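Have a look at the structure below, then the notes.
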Amino acid sequence: MITKNAMPASGIKGLKENWRNDLSAALSVSLVALPLALGIAVASEVTPMAGVLSAIIGGVVTTFFRGGHLAINGPAAGLIAVILGGLVVLEGNINYVLAAIVISGGIQTLLGFLKMGRFAKLLPSSVLHGILAAIGVIIFAKQAHYALGTTSDADTTIGTLLDIFYKLPEANPFVFLVALSGILVLVFYKKIKHKFIRIIPAPMWVLLLAIPLVFGFDFFNEHSISLFGNTYNVGPNLLIDIPDNPLDSIMHPDFGMIGTSAFWLTVLSITMIASVETLASARAVDKLDPYKRTTNLNKDLVGVGLSTMVSGALGGLPIITVIVRSTVNVNSNAKTKWSNFYHGIFLILFVLILAPILRSVPLAALAAILVHTGFKLASPKVFKHAYDQGVEQLLFLSSTLIITLFTDLLYGIVGGILVTLILQMLLAKVGFMAFFKKVYKSGSKVYVLENGTYDVKLKGISNFLYALQLDKLLGDIPAGSTVRIDMSQTRLVDLTIMENLIEFKRIHDNDGGDVKLIGLDNHVASTSHNRALRIITGRVKKRITQRQIRLQKLAIANHWSFEREIDWNTSYLRNFTFFDSRPIEMKSNSLQGVDVENNAKWEIADIVFDEGAMLALEVYQTTVQIVRLPSPIPRFIIDKEGLFDKIFEKVKVFSGKRRDINFVKYPGFSNKFQLSGENEEVIRAFFTDELIRFLEQNEIHHIESNGEALMIFKYLHIARTDEVKNMLTFSHNLLGHMTLK
């Protein structure tokens, strides 16, 4: 029987039990939050302290009202474009924009109390990513000029983007050097494995490396520097402006334009973008939560709404759930919502202690962070990810992006939804009225069978407009039930519905249930992705790749079973610590057999899993092997030993992470591998001389025991056929050197 770690307590009890983990995680988060808050504020054309104030409020206020567990709240890059748009239509007066922020927060609070958080599901995810991509382009276009030391007078985003190339001859090389060093840090940070470097987050390194350049070029005094026959000006105007007394940054809203359409357009824009991004981020953080807790989305709206009102009233920016900082929080081993509170306290301390240093931070360093952020929001990977989910998803994203860039965010959302609906009508091959009838009067029902199984029959058009009805349909099914969701009578199932069904399956499977998704054999999709839009068609012949042919032949020759289709059931993989905060997208190409000599059943399958979510998303593909053991063994994890792991051993213990188990007799093994686990004494007894010598002589694999099975993988790519054979040989020999009863 597998025993997972106990669920952390909540409230004051959780604070007492987990303060070490949460405090340690909060320190890492605050080191990321400080430079991001400064950059977001500067990019929004408000005072730098407005961003830090917002982040502080997101920590010390939101924590007490929200419905999430591990999320971090604060200002976000996604709202930069909205604030800039508000400044344009509200006469460039930030006090009018602050009033719009306060009203927006009030509306969010009301929406939360009315339990309307679920309406965020009506926005197709590709449209949301299209909006975020457009925001990324806007941020990139604006901040690239700060990174180059140039200016643009263009009235449109496209014009500002083109001016980057036109103004290159006017670039200030001393400003650009600061920005370039920051961008290089952000690009290569993940490739650096040294713990000495990784202990400080990348955005903070950008600021730390920029300050020596500021002193070297003396940005504190207005003067000129000559280079290659040209003269360039540097001075205090290139540094961020931090007042001697941080309280001097506080501003108050002016409701003088509350009767104008421009004011309410700004309110609507802030409310819609902030609410959708908050709820989407909250659901993304739930997937990363090792304890599989679920956010109360309505309480989250109340929390960010109240915080936004406080923030706007004091001169700050809107507060939302922020995904990058939340991902850092999860990866830093946070346990409860108190890490969000602690990160706000740390930011207060930073402002009080580090104010003189912050005045030395150049705008170009913040621009580097934001250029990198903008690029990530609209990078080729975003479009490839959409394409992998289906050609139609790329069209939805691209059309939303283009409409937004040539109009504004609200028109982009409406336009993206209309393009999505029109293409879905064409794919479903039904008329306008018939389409909506098949959505809202589909006849989908839930049947309770005699054996207690819930049989869900979906019919008609199951698209994003049906998301709320789907929630209602599935809402009465008890947790832990056996559920069969049959989509054989659907004419079209879109990505939003597939995401919701997979989320429903994840939650119920984690509660001990068994959810099966069936009935899509006669549907066709433009990709094999498990969330792809599907339409009904005649039975089609499934294409088979050359690798699948080789695996099939290998299975036949060795009397193994082989299933190349996507398998929805990946719940067992989540019994391994590695996948606690790494959502598994899909499993396919499953080989299964028996190691007769070691009396162990095994499976090798291709999986796709995520590291982080949304803006912080990294998608990995690998081939993993699961070996079911004939008898229980200790729970442990073996991984590569990092150069600085021993130096930071005390930090790991303080934050609640398991320390490395070393063997004095075998320094070669201990230097090569990092071994950790729950019961050190039992693990030491299990790792015999024979087993240690075997591992010393082999290449490094990730090996994890959950007590009843081993998970083994080596490659961060889909294994070739010869590599699959090597995996089987390795696992067979590994078991042969283990003491199994």
Side-chain angles (χ1 to χ4, degrees), residues 10-12 14-16 18-41 46-77 79 101 105 108-109 201 203-204 207 242 246-247 249-250 274 278 281-282 285 295 299-300 302-355 358 655:
S10 58
I12 299 300
L15 184 150
K16 293 178 180 178
N18 303 292
W19 68 270
R20 285 184 175 86
N21 295 78
D22 292 338
L23 195 66
S24 175
L27 179 59
S28 296
V29 172
S30 58
L31 290 173
V32 175
L34 181 63
L36 287 180
L38 291 169
I40 289 165
V46 298
T47 64
M49 284 305 301
V52 180
L53 174 66
S54 309
I56 291 170
I57 292 170
V60 300
V61 176
T62 315
T63 302
F64 294 96
F65 301 99
R66 69 179 200 182
H69 301 278
L70 295 181
I72 297 296
N73 302 105
L79 286 163
I101 291 172
Q108 281 183 301
T109 304
M204 186 56 74
L207 303 194
I242 301 289
L247 295 179
S249 296
I250 291 178
T278 283
S281 297
V285 175
T295 296
K299 279 188 70 176
D300 239 36
V302 172
V304 297
L306 289 173
S307 304
T308 296
M309 292 177 71
V310 174
S311 182
L314 297 176
L317 298 167
I319 307 298
I320 73 165
T321 295
V322 282
I323 194 64
V324 173
R325 278 155 274 178
S326 297
T327 302
V328 172
N329 195 40
V330 173
N331 292 339
S332 299
N333 207 31
K335 301 289 185 184
T336 73
K337 67 178 182 179
W338 294 108
S339 59
N340 186 50
F341 177 79
Y342 293 141
H343 115 273
I345 300 298
F346 274 124
L347 288 173
I348 294 174
L349 295 176
F350 287 165
V351 170
L352 295 176
I353 297 170
L354 302 178
L358 294 178
S655 65

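Just so you know, residue 1 is the first one in the sequence shown, and it goes up from there. Everything numeric in this text was worked out from a predicted model, so none of it was measured.
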Side chain to side chain, Val351 and Leu347, heavy atoms closer than 4.5 Å
no
Of all the heavy-atom pairs spanning Gly51 and Pro75, show the shortest one and how long it is.
O-CG, 3.6 Å
Ile56 CD1 to Leu34 CG distance, which is reported to the nearest 0.5 Å:
9.0 Å
Does Ser281 have any side-chain hydrogen bond (donor to acceptor under 3.5 Å, both in side chains) partners at least two apart in sequence or in another chain, and if so, which?
none
Those residues that, when tested against Phe65, pass ring-ring contact (aromatic ring centres under 6.0 Å, His included) (two or more places apart)
none
Determine whether Leu317 and Leu79 make a side-chain contact, defined as any pair of heavy atoms from C-beta on separated by less than 4.5 Å.
no
Nearest heavy-atom neighbours spanning His343 and Ala33:
CD2-CB, 3.9 Å
Set of side-chain hydrogen bond (donor to acceptor under 3.5 Å, both in side chains) partners for Ser28, sequence neighbours left out
none
side-chain hydrogen bond (donor to acceptor under 3.5 Å, both in side chains) filter on Thr327, not counting sequence neighbours, yields none
Considering residues at least two apart in sequence or located in another chain, which fulfil the side-chain contact (heavy atoms from CB on, under 4.5 Å) criterion with Ile12?
Lys16, Trp338
Closest approach of Gly305 and Thr109, non-hydrogen atoms and distance?
C-OG1, 3.2 Å
Judged by atom type as modelled, is there a donor-acceptor pair below 3.5 Å linking the side chain of Asp300 to the main-chain atoms of Gly67?
yes
Pick from Val324, Leu31, Val29: which one makes a side-chain contact (heavy atoms from CB on, under 4.5 Å) with Pro201?
Leu31
Hey, what do you get for NZ (Lys337) to CG (Leu15), rounding to the nearest 0.5 Å?
9.5 Å
Polar side-chain atom of Ser326 near backbone of Val322 as donor-acceptor pair, under 3.5 Å
yes
Going by the rule side-chain contact (heavy atoms from CB on, under 4.5 Å), which residues pair with Leu53 if we only count those two or more places apart in sequence or in a different chain?
Ile57, Leu314
Point-to-point distance, once rounded to the nearest 0.5 Å, from OG of Ser339 to CG of Leu27:
12.0 Å
Donor-acceptor contact present, side-chain Ser24 to main-chain Asn21, <3.5 Å:
no
Atom pair CD1/CD1 of Ile72 and Ile320 - distance to nearest 0.5 Å
13.0 Å
List the residues meeting side-chain hydrogen bond (donor to acceptor under 3.5 Å, both in side chains) with Asp22, not counting sequence neighbours, and say none if there are none.
Thr336
Can you tell if the side chain of Val304 reaches within under 4.5 Å of the side chain of Ser307, non-hydrogen atoms only?
no
Would you confirm whether Asn329, through its side chain, and Leu70, through its main-chain N or O, come within 3.5 Å as a donor-acceptor pair?
yes
If we check side-chain hydrogen bond (donor to acceptor under 3.5 Å, both in side chains) with Thr321, which of these qualifies: Thr295, Asn73, Thr278?
Asn73
With a 4.5 Å limit on heavy-atom distance, are the side chains of Asn18 and Arg20 in contact?
no
Ignoring hydrogens and angles, tell me if any N or O in the side chain of Thr308 forms a donor-acceptor pair with the backbone of Ile319 under 3.5 Å.
yes
Are Ile242 and Pro48 close enough that some pair of their side-chain heavy atoms sits under 4.5 Å apart?
yes
Show your reasoning for whether side chain to side chain contact (heavy atoms under 4.5 Å, CB included) applies to Phe346 and Leu23.
CA-CA 9 Å; Phe346 274 124; Leu23 195 66; 3.9 Å; yes
